[in-house]
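Written below as structure tokens is the structure these notes are about.
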Amino acid sequence: MLDLRFICENLEFVKQNISNKNEKADISEILNFDNRRREIIIEVERLKNLRNVVSKDIAELKKNKHDADKQIAEMKEVSDTIKSMDDEQREVEQKIREIQIRIPNVTHPSVPIGKTEDDNKIVYTWGEKKENPHAKNHIEIAKSLGIVDFERGAKVSGAGFHFYTGKGAKLERALINYMVDYHVEKHGYTELMPPFVVNENSMFGTGQLPKMAEDMYKSDADSMYFIPTAEVPVTNFHNGEMLKGEDLPIKYTAYSPCFRREAGGYGKEVRGLLRVHQFNKVEMVNFVKPEDSMNQLEIITSEAEDILKSLGLHYRRVLLCSGDTSFASAITMDLEIWTQGEAKWLEVSSCSCFTDFQARRANIRFKRDATAKPEFVHTLNGSGVATPRLMVAILENNVREDGHVTIPEPLRQFCGFDEI
RNA sequence: GGAGAGGUGGCGGAGUGGCUGAACGCACCGGUUUGCUAAACCGGCAUAGUGGGAAACUGCUAUCGAGGGUUCAAAUCCCUCCUUCUCCA
């Protein structure tokens with residue numbers, strides 16, 4: 001959420017940013033609403049002051065056994081006026097809020113303006129494309145090795161759900177444990193195991209609501225949402241809190257399943273593990289001082305890259321253009337790995353700096369020291385990383401002539417076997 | 001599922017209708033004193049909105065889990081919800 005005063009003072013800039021982000025929020029009326037809001041406040045506060053003063057007089061009169069009927073009658077009228085003005089103020093503020101919560105975060109100046117992923121900027125590429133003469137599609141590999149069962153996933157839940165079976169399940173768990181341990185031991189993270197279902201307030205805090213409501217699974221009976229990423233519970237871990245400046249930066253990592261309806265996505269792009277309704281991901285979330293956030297984006301991105309490097313994956317870092325940068329993000333770096341079977345770059349990580357956008361929504365502040373004024377923290381998060389496409393790359397890049405897959409060395413101690 | 005008790009400032013904890021933005025304590029900041037440390041003493045110490053002012057600063061309003069209600073006046077009374085704890089099944 002952007003600061004109301006900032007919006008009003010930079011209306012054209014904010015409008016341009018909305019369009020840069022391919023969003024459609026209409027904010028033209030917000031100035032009128034804000035002016036009306038202030039008119040009401042000035043008048044209603046004058047009346048409240050009158051009421052407070054006279055109420056004290058009434059208390060004094062009553063204490064001295066004097067008659068206060070006249071004052072009480074007057075204040076009853078004043079109170080009625082106050083009530084109706086309070087109502088109008090609430091309505092106006094609601095209208096302002098409805099506009100405000102749909103305004104996306106302002107992109108960082110270094111973000112290229114663009115409409116689609118074609119306008120994204122490849123920052124650099126790490127490693128090189130190796131030729132695997134035996135490369136096959138991951139679906140074929142998984143089926144022949146019996147490590148993923150798509151059909152039964154569809155039977156039990158629906159299209160876009162799958163079972164990992166046998167060594168596939170073990171490898172999946174190994175990936176998760178490898179990455180969580182890596183961030184804890186090598187990057188100084190604290191591990192959290194969060195709830196996977198959260199309330200509306202949390203979804204609002206990180207910016208999924210109201211815009212992304214259609215993309216999430218929901219339990220209507222409880223108004224609870226299945227998390228689309230651990231970012232939601234982990235960022236909201238500190239919802240409403242006042243953090244200490246000396247404790248920053250705070251770095252959490254968390255494994256969670258991620259639930260996404262992926263409304264509207266069909267066809268080749270959704271084959272196999274490429275786009276599924278439930279997948280596992282290890283997430284990193286940082287809380288930092290405002291002046292550190294851009295530097296922290298570099299750090300968190302490189303922490304995700306460490307995972308890919310350690311697994312010997314050829315990847316590239318992509319700076320998303322404005323149109324591809326998500327609602328709440330100011331700047332996002334995607335990491336894409338090369339898969340030899342699909343012969344495609346697949347996104348496995350998205351590292352974003354949200355500046356104070358989420359912190360303002362979730363009311364997460366900090367004090368630099370005991371006497372300092374509260375400020376909003378800056379939040380960042382990065383996938384470190386999502387497993388399905390990692391699995392795709394591991395299968396496709398390491399499949400051998402005999403059809404078996406060699407497990408990358410760092411994972412072996414986590415899964416207990418060196419090939420499938 | 002049933003019964004009951006709570007949720008107050010950074011923390012602990014008073015407070016059952018007006019003199020309470022909130023006693024007291026802790027923490028923290030400034031100062032005095034002590035050879036240093038510790039202790040003692042004095043003072044300060046919430047957030048947001050809105051107005052005035054170039055600014056320093058300052059007036060007002062709101063805020064005691066959240067939202068409604070009663071009342072001239074609500075931390076205090078009523079209702080709904082969230083949440084914590086104790087006991088019962």
Side-chain angles (χ1 to χ4, degrees), chain A residues 1-9 30-101 194-195 197-205 209 218-225 232-233 236-248 250 287 289 356-357 359-377:
Chain A
M1 192 154 64
L2 301 182
D3 178 56
L4 177 58
R5 195 173 305 166
F6 175 86
I7 297 167
C8 291
E9 287 171 1
I30 203 166
L31 272 185
N32 294 334
F33 288 139
D34 187 51
N35 287 336
R36 179 59 190 149
R37 167 180 152 271
R38 249 176 296 181
E39 278 173 19
I40 295 169
I41 286 173
I42 290 168
E43 177 59 13
V44 80
E45 288 193 350
R46 187 185 69 80
L47 292 175
K48 282 178 178 172
N49 178 236
L50 175 68
R51 182 177 68 182
N52 287 345
V53 169
V54 175
S55 287
K56 273 184 189 140
D57 292 346
I58 292 170
E60 196 62 26
L61 285 169
K62 287 203 159 188
K63 206 161 80 180
N64 298 322
K65 308 283 184 201
H66 289 123
D67 178 57
D69 290 352
K70 178 164 161 283
Q71 284 84 348
I72 290 176
E74 278 172 15
M75 286 313 103
K76 189 166 176 54
E77 253 179 69
V78 169
S79 272
D80 288 344
T81 310
I82 288 172
K83 195 168 290 182
S84 66
M85 293 190 77
D86 273 346
D87 287 344
E88 193 193 342
Q89 184 183 342
R90 244 195 305 273
E91 280 171 33
V92 171
E93 287 180 347
Q94 184 57 33
K95 283 177 186 164
I96 291 172
R97 191 177 157 78
E98 284 298 321
I99 297 172
Q100 197 178 4
I101 61 177
V197 182
V198 302
N199 60 30
E200 287 185 12
N201 189 50
S202 295
M203 283 299 182
F204 177 80
L209 285 179
K218 184 187 182 193
S219 164
D220 279 319
D222 308 292
S223 293
M224 302 281 275
Y225 292 84
V232 178
N236 282 287
F237 189 68
H238 288 304
N239 188 310
E241 295 185 16
M242 184 74 69
L243 306 174
K244 290 182 183 156
E246 70 221 47
D247 292 339
L248 301 178
I250 295 173
F287 301 82
K289 293 176 186 169
D356 61 359
F357 190 85
R360 184 172 276 114
R361 287 182 159 232
N363 193 27
I364 306 169
R365 297 176 296 169
F366 79 103
K367 285 184 177 182
R368 288 176 190 274
D369 56 62
T371 53
K373 286 194 63 94
E375 300 172 59
F376 288 112
V377 298

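Chain letters run A, B, ... following the sequence lines, proteins first, then strands; residues in each count from 1.
Atom name P, nucleotides B:rC19 and B:rU61: the rounded distance is 13 Å, in whole Å. Nucleotides B:rG6 and B:rU76 are separated by 14 Å at their P atoms, to the nearest Å. With P as the reference atom, B:rG9 and B:rA66 are 10 Å apart, rounded to whole Å. Across the P atoms, B:rG13 and B:rG17 are found 23 Å apart, a figure rounded to whole Å. Remark: the separation of the C1' atoms in B:rA54 and B:rA38 is 48 Å, to the nearest Å. Going from the P atom of B:rU20 to that of B:rU80 covers 32 Å, rounded to whole Å. A gap of 12 Å separates the P atoms of B:rC24 and B:rC42, to the nearest Å. When the C1' atom is compared between B:rA48 and B:rU32, the two are found 36 Å apart, to the nearest whole Å.
Both A:N49 and A:K367 sit near RNA chain B, but only A:K367 has its closest nucleotide nearer the 5' end. For the pair A:M242 and A:S55, both in contact range of RNA chain B, the more 5′-proximal nearest nucleotide belongs to A:M242.
A:N49 is linked by a side chain to side chain contact (heavy atoms under 4.5 Å, CB included) to A:V53, counting only residues two or more places apart in sequence or in another chain. Looking at residues two or more places apart in sequence or on another chain, you find a side chain to side chain contact (heavy atoms under 4.5 Å, CB included) between A:N64 and A:E60, A:H66. When the side-chain hydrogen bond (donor to acceptor under 3.5 Å, both in side chains) test is applied to A:D86, the partners found at least two apart in sequence or on another chain are A:K48. A:S79 is linked by a side-chain hydrogen bond (donor to acceptor under 3.5 Å, both in side chains) to A:R51, counting only residues two or more places apart in sequence or in another chain. Applying the side-chain hydrogen bond (donor to acceptor under 3.5 Å, both in side chains) criterion to A:E45, with sequence neighbours excluded, gives no partner residue. Partners of A:L50 under the side chain to side chain contact (heavy atoms under 4.5 Å, CB included) rule, at least two apart in sequence or in another chain, are A:V54, A:M75, A:V78. Under the rule for a side chain to side chain contact (heavy atoms under 4.5 Å, CB included), the partners of A:K244 that lie at least two apart in sequence or sit in another chain are A:E246, A:D247.
Heavy atoms of A:N52 sit under 4.0 angstrom from primed sugar atoms or phosphate atoms, though from no base atom. Among the protein residues, A:K244 comes within range of no part of the nucleic acid, since none of its heavy atoms lies under 4.0 Å from any strand.
Contacts between residues 35-48 of chain A and RNA chain B, defined by a heavy-atom separation under 4.0 Å, are made by A:R37, A:R38, A:I41, A:I42, A:E45, A:K48. Near RNA chain B, meaning a heavy atom under 4.0 Å away, the residues from residues 69-86 of chain A are A:I72, A:M75, A:K76, A:S79, A:K83.
In terms of heavy atoms, A:G240 sits closest to A:I364 at N-CG1, 4.3 Å. When every heavy atom of A:C8 is checked against every heavy atom of A:L31, the shortest pair comes out as CB-CD2, 3.6 Å.
Contact of the A:I99 side chain with the A:F33 side chain is registered, since non-hydrogen atoms from C-beta on lie closer than 4.5 Å. Put simply, the side chain of A:I72 reaches to within 4.5 Å of the side chain of A:K62, judged on heavy atoms.
Along RNA chain B, the stretch of nucleotides lying under 4.0 Å from any heavy atom of chain A spans, 5' to 3', B:rG18 to B:rA73.
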Only distances under 3.5 Å count here; give the side-chain donor-acceptor pairs of residues 197-204 of chain A to other protein atoms, sequence neighbours excluded, each with its distance to 0.1 Å.
unit_1: A:N199; atom_1: OD1; unit_2: A:N201; atom_2: N; d: 3.2
unit_1: A:N199; atom_1: OD1; unit_2: A:S202; atom_2: N; d: 3.0
unit_1: A:N199; atom_1: OD1; unit_2: A:S202; atom_2: OG; d: 3.2

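Comment: A:E98 does not engage A:K95 in a salt bridge, judged by the lack of any side-chain N to carboxylate O separation of less than 4.0 angstrom.
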Practice task
Would you sketch RNA chain B in dot-bracket for me? Only Watson-Crick or G-U wobble pairs with both distances under 3.5 Å count, crossing pairs as [ ], other-strand pairs as |, the rest as dots.
Solution key: ((((((((.[[[..)..(.....]]].(((((.......))))).(((((((....))))))).[[[[[..)....]]]]]))))))).

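Under the 3.5 Å distance criterion, the side-chain polar atoms of A:Q71 are left unmatched by any main-chain donor or acceptor of A:S55.
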